[in-house]
Structures are given as structure tokens and as C-alpha cells.
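A quick write-up on the structure given underneath.
These numbers come from a predicted model, not from an experiment. For reference, positions follow the sequence shown, starting with 1.
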Amino acid sequence: QVQLVESGGGLVQAGGSLRLSCAASGRTFSFSAMGWFRQAPGKEREFVAAISSTGGSTYYTDSVKGRFTISRDNVKNMVYLQMNSLKPEDTAVYYCAQHRRPSLATTADGYDYWGQGTQVTVSS
């Protein structure tokens, strides 16, 4: 069974940085694309970034391009989200998710496993 545990969230001032980590259990991690999603209060969950199983392909939602970087370590079963130049509108609960296939995906469909989320709060 796959379990995902996020960490690294917190309170940061606008313009600051945070690095989110997601630890995955199970034997399927290196064969699966991974994604980061977020949900702000009163809003629907939205896609943030995704990475293919090998790490060779990445994709970002427009609002974070140039500021966020997704990466993974298939030896350690970890996926990361480096967030720079944070803005108040980045405030949300951030979730990592594991896809059932190797190719990255930008919608929640196909992401079979989800973490519990980590809160990111950016103050102005």
C-alpha cells in the first residue's frame, strides 16, 4: 500500500521560499508520475506541478512557472517542491499525489494516492 507524507509547510513572508517534501512508501514510486496540488480556503483543489516517473519531464501551472520547481529522488522515494518568490495567493494546503502511470498528468484523474497535506501561509 502506498502512503504519502508531506512536510515543509509553514508561515513565510511574501518573497520568501519554502521547500516541500513528500515521502512515499511502497514499491511503485519509481514507476509513477508525481504531482503537487493545492487547495485554498473556499476554493477548489488545483494542479500546481507534475513530474514524470524518471524526472525527465515536468509541467507547471502558469501562476507558478519560474518560481516553483518540482523534483524527485527515486532512490529515496521522495518528491520535492521548491517554492521561491512566494506570494500571498500561494497560501493553501499543498498535497502530493502519486499517479497510476509514468507519464505526468495535470488533472486529478489518475492520481490514486494522496497525502494528508501541508499548510503553506504567505503573509503580505
Side-chain angles (χ1 to χ4, degrees):
Q1 185 71 350
V2 173
Q3 289 187 331
L4 303 174
V5 179
E6 302 97 335
S7 61
L11 173 64
V12 64
Q13 289 187 334
S17 298
L18 284 174
R19 187 195 196 202
L20 305 184
S21 299
C22 176
S25 66
R27 300 180 178 181
T28 59
F29 179 81
S30 61
F31 304 105
S32 304
M34 298 295 295
W36 286 95
F37 292 77
R38 66 187 180 186
Q39 187 167 19
K43 295 187 177 181
E44 294 186 351
R45 181 175 56 190
E46 65 170 348
F47 166 79
V48 176
I51 187 167
S52 62
S53 62
T54 64
S57 297
T58 58
Y59 191 83
Y60 303 88
T61 192
D62 286 346
S63 62
V64 308
K65 284 181 181 176
R67 300 188 298 122
F68 290 12
T69 302
I70 188 171
S71 61
R72 66 188 296 160
D73 184 332
N74 283 352
V75 174
K76 296 181 179 179
N77 276 23
M78 297 289 294
V79 63
Y80 307 97
L81 186 68
Q82 178 67 44
M83 306 186 295
N84 299 327
S85 301
L86 282 161
K87 304 175 181 180
E89 51 264 43
D90 295 318
T91 295
V93 177
Y94 283 71
Y95 300 90
C96 73
Q98 182 171 320
H99 202 272
R100 66 184 63 157
R101 295 180 178 176
S103 299
L104 63 84
T106 61
T107 67
D109 292 343
Y111 284 95
D112 292 334
Y113 302 101
W114 295 79
Q116 82 289 348
T118 185
Q119 176 70 47
V120 171
T121 303
V122 184
S123 63
S124 57

Here the pair of heavy atoms bringing Ser53 nearest to Asn74 is O-ND2, 2.9 Å
Sole residue of Pro102, Ser57, Ser32, Ser103 in side-chain contact (heavy atoms from CB on, under 4.5 Å) with Ser52 | Ser57
Thr58/Ile51 under side chain to side chain contact (heavy atoms under 4.5 Å, CB included): CA gap, chis, key distance, verdict | CA-CA 4 Å; Thr58 58; Ile51 187 167; 3.8 Å; yes
Could you tell me whether the side chain of Arg38 reaches within less than 4.5 Å of the side chain of Val120, counting heavy atoms only?
-> no
Does a salt bridge link Asp90 with Lys87, judged by any charged N lying under 4.0 Å from a carboxylate O?
-> no
Aromatic ring proximity, centroids under 6.0 angstrom, Phe37 and Trp114 = yes
Ser85 side chain vs Arg67 backbone, donor-acceptor pair below 3.5 Å = no
Is it the case that one hydrophobic cluster holds both Val79 and Val48, taking links as side-chain heavy atoms less than 4.5 Å apart, direct or via other members?
-> yes
What do you reckon, is OH of Tyr60 surrounded by more than 12 foreign heavy atoms closer than 6.0 Å?
-> yes
From Tyr80 OH over to Ser7 OG, what is the distance, rounded to the nearest 0.5 angstrom?
-> 9.0 Å
Atom pair NZ (Lys43) and OG1 (Thr91), whose distance is rounded to the nearest 0.5 Å = 10.0 Å
Given side chains that start at C-beta, do those of Met83 and Leu20 come closer than 4.5 Å, heavy atoms only?
-> yes
In Å, rounded to the nearest 0.5 Å, how long is the span from CD of Gln82 to CG of Leu18?
-> 8.5 Å
Just how far is it from atom CD of Glu6 to atom SG of Cys22, taken to the nearest 0.5 Å?
-> 5.0 Å
Note: Tyr111 and Ala50 closest approach over all heavy atoms is OH-CB, 3.7 Å
Looking at Leu4 and Ala24, what are the two nearest heavy atoms and their distance?
-> CD2-CB, 3.5 Å
Indicate if Ile70 and Tyr94 have the same hydrophobic cluster label, given that clusters are the connected sets of ILVMFWY residues with side-chain heavy-atom separations under 4.5 angstrom.
-> yes
Closest non-hydrogen atoms of Met78 and Ser21, given as atom of the first, atom of the second and distance, are CE-CB, 3.7 Å
In terms of side-chain heavy atoms, does Thr28 have a donor or acceptor partner in Gln98 at a distance below 3.5 Å?
-> yes
Looking at Ala105 and Phe47, what are the two nearest heavy atoms and their distance?
-> O-CE1, 3.7 Å
Any chain of hydrophobic side-chain contacts (each under 4.5 Å) joining Val64 to Trp36?
-> yes
Mark yes when over 12 heavy atoms from residues, nucleotides or ligands other than Gln3 sit less than 6.0 Å from its CD; otherwise mark no.
-> no
Can you name the closest pair of heavy atoms from Gly9 and Thr118 and give their distance?
-> N-OG1, 3.2 Å
Rounded to the nearest 0.5 angstrom, the OG-NZ distance for Ser63 and Lys65 is 9.5 Å
Nearest 0.5 Å please: distance from the CG atom of Asn77 over to the CZ atom of Arg72.
-> 8.5 Å
In terms of hydrophobic clusters joined by side-chain contacts under 4.5 Å, are Phe31 and Phe29 together?
-> no
